[in-house]
2 protein chains.
Amino acid sequence: MTQIDTKSRILNAAEQLFAKEGYHFTSLRTITTTADANLAAVNYHFGSKEGLLKAVIERRLKPLNQRRADRIEKILSTAATEQRRPRTTDLLRAFIEPTLAFRNEGPGAVEFIALIGRAMNEPDETVRNCFIQQVMPLFILLYEGLKKARPELAEEILLTRLHFVLGAMSHVMCAGARPQISIPGIPQPLTDTPQAEEMIRFACAGLEAPC
Amino acid sequence: MTQIDTKSRILNAAEQLFAKEGYHFTSLRTITTTADANLAAVNYHFGSKEGLLKAVIERRLKPLNQRRADRIEKILSTAATEQRRPRTTDLLRAFIEPTLAFRNEGPGAVEFIALIGRAMNEPDETVRNCFIQQVMPLFILLYEGLKKARPELAEEILLTRLHFVLGAMSHVMCAGARPQISIPGIPQPLTDTPQAEEMIRFACAGLEAPC
DNA sequence: GGTCATTTAAAACACTCGTTTTAATTTGTC
DNA sequence: GACAAATTAAAACGAGTGTTTTAAATGACC
């Protein structure tokens, strides 16, 4: 923590704190104290608190989105060369698996995923727009892929169902960073890989439900 | 707006504003101005901002939860007297239908539902706890009912899938209050009754997916 | 080594927030 | 109408926020 420069230290501290406490509950003073930096350094390096948030999100989300997009595009291209429909389950897996697997990529990853999961339903536009802008092309890519996988499904219905999947994902992503409330007689839900597999199964069944 | 007392006017204004802007972005000054009341009236009538939130949520959520619980219990009792399993789709319908139908119950209902939908994933415990406390018994009732409907399913898996359903619901509830972003070539998702029906179909298919 | 741009430090600014205090007013009751 | 309780009004409090300003320190380069 001593070698890296101030900008990175702030970025790391902000990521951790934004994700754990939420964007608006994290003050710049808390961030700079954690990062062992001066208060003004945030505005110097990132322009504003919003700029910092944008940097935090982009740093991690860009590679993740790239990974997901690559997988989806690969599925689509091989399906095209083999002259068949892409499989719903493959597309969903390409979207879901890297996202949930990301939670194991080092410390703070679970919290970052929670930040992203929460971003979609933020009441404040600052966070939501920043997220949507980053992720919308990927959503569209997935949607277009699913349309090829299930062309007989009416488009509004497919889109509606895709929204359900996104909601389920968002919720799971958020929940990962919270201590699960345990109730006597009620088991704990799955986590990690089995959860991802279960979500793929669930989403696939839902998407392929009869019309 | 002139006849009703200050307490109710504050409650109405707070409901509208909390739901639209979010709890933490709504100041007591905005609320009291909207309600045409004095700033101190909030602390006088509700003790604190949190107390006001609690009152706002309880006023609407209690009857809604009662309605959902009644329907679920009725399904369970008739299934018991007919000595058969309750149907997954019936249980889900009892849970989903009143919730989404609630959005048509007068002005501000859509926003209130968004407030509730957001509450589940709120980073701040103030809002989340207030919501969870109200809704947990209903979740357990639904879970126990689904366990009877699908006894062959491992409990952690059932619970995990139920979480997916809740996530999908939460997301839909939030989205209802937002202007939908329209993209050329991408249709709008369903709303209102068809959306509720589609969600029941989706959730049922997901829950009944093979293990 | 001196010069200049980059970076860090410390302090103050301007503003908003929830809450509290004190006083005035309204309302209910005998 | 008078008294007491409930309610409303106005003002200030104290703490916290993001941002800006001004000054000091650091580092690169000729």
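Here is how names work: the chains are called A, B, and so on, in the same order as the sequence lines, proteins then strands, and each is numbered from 1.
Side-chain to base pairing of R29(A) with dG16(D): no donor and acceptor N or O lie closer than 3.5 Å to each other.
Salt-bridge annotation for E15(B) and R59(B): present, with a side-chain N of the basic residue lying under 4.0 Å from a carboxylate O of the acidic one. Between E105(A) and R60(A), no side-chain nitrogen of the basic residue sits less than 4.0 Å from a carboxylate oxygen of the acidic one, so the salt-bridge criterion is not met.
Atom NZ of K147(B) is surrounded by more than 12 heavy atoms from other residues, nucleotides or ligands within 6.0 Å.
Across the protein-nucleic acid pair, L53(B) atom CG and dG18(C) atom C1' stand 14 Å apart, rounded to whole Å. Spacing between atom CG of N38(A) and atom P of dA24(D) amounts to 15 Å, rounded to whole angstrom units. Distance, D5(A) CG to dT6(C) P: 16 Å, rounded to whole Å. Counting to the nearest Å, the P atom of dA10(D) and the CG atom of L28(B) are 17 Å from each other. Per the geometry, CZ belonging to R9(A) stands 7 Å off P belonging to dT8(C), to the nearest Å. Atom CG in L39(A) sits roughly 10 Å away from atom P in dT17(D) (whole-Å rounding). To the nearest angstrom, P of dT17(D) lies 15 Å from CG of L52(A). Atom pair N43(A):CG and dT20(D):P shows a separation of 6 Å (rounding to whole Å applied).
You'll find that the side chain of T6(A) is closest to dT8(C), out of dA9(C), dT8(C), dA12(C). Listed nucleotides dT8(C), dT20(C), dT8(D) differ in distance to Y44(B); the shortest reach to its side chain belongs to dT8(D). Considering only side-chain atoms of A40(B), the nucleotide from dT19(D), dA10(D), dT19(C) that sits closest is dA10(D).
Residue H45(A) places at least one side-chain N or O closer than 4.0 Å to OP1 or OP2 of dT8(C). Between S27(A) and the phosphate of dG16(D), there is no side-chain N or O to OP1/OP2 separation shorter than 4.0 Å.
Using bins of under 30°, 30° to 60° and over 60° for the plane-to-plane angle, the ring pair F139(A)/F131(A) lands in the perpendicular bin.
At a threshold of 4.0 angstrom between heavy atoms, the contacts of T30(B) with the nucleic acid are absent.
Every side-chain contact (heavy atoms from CB on, under 4.5 Å) that D124(A) has, sequence neighbours left out, goes to H24(A), E122(A), T126(A), V127(A), F25(B).
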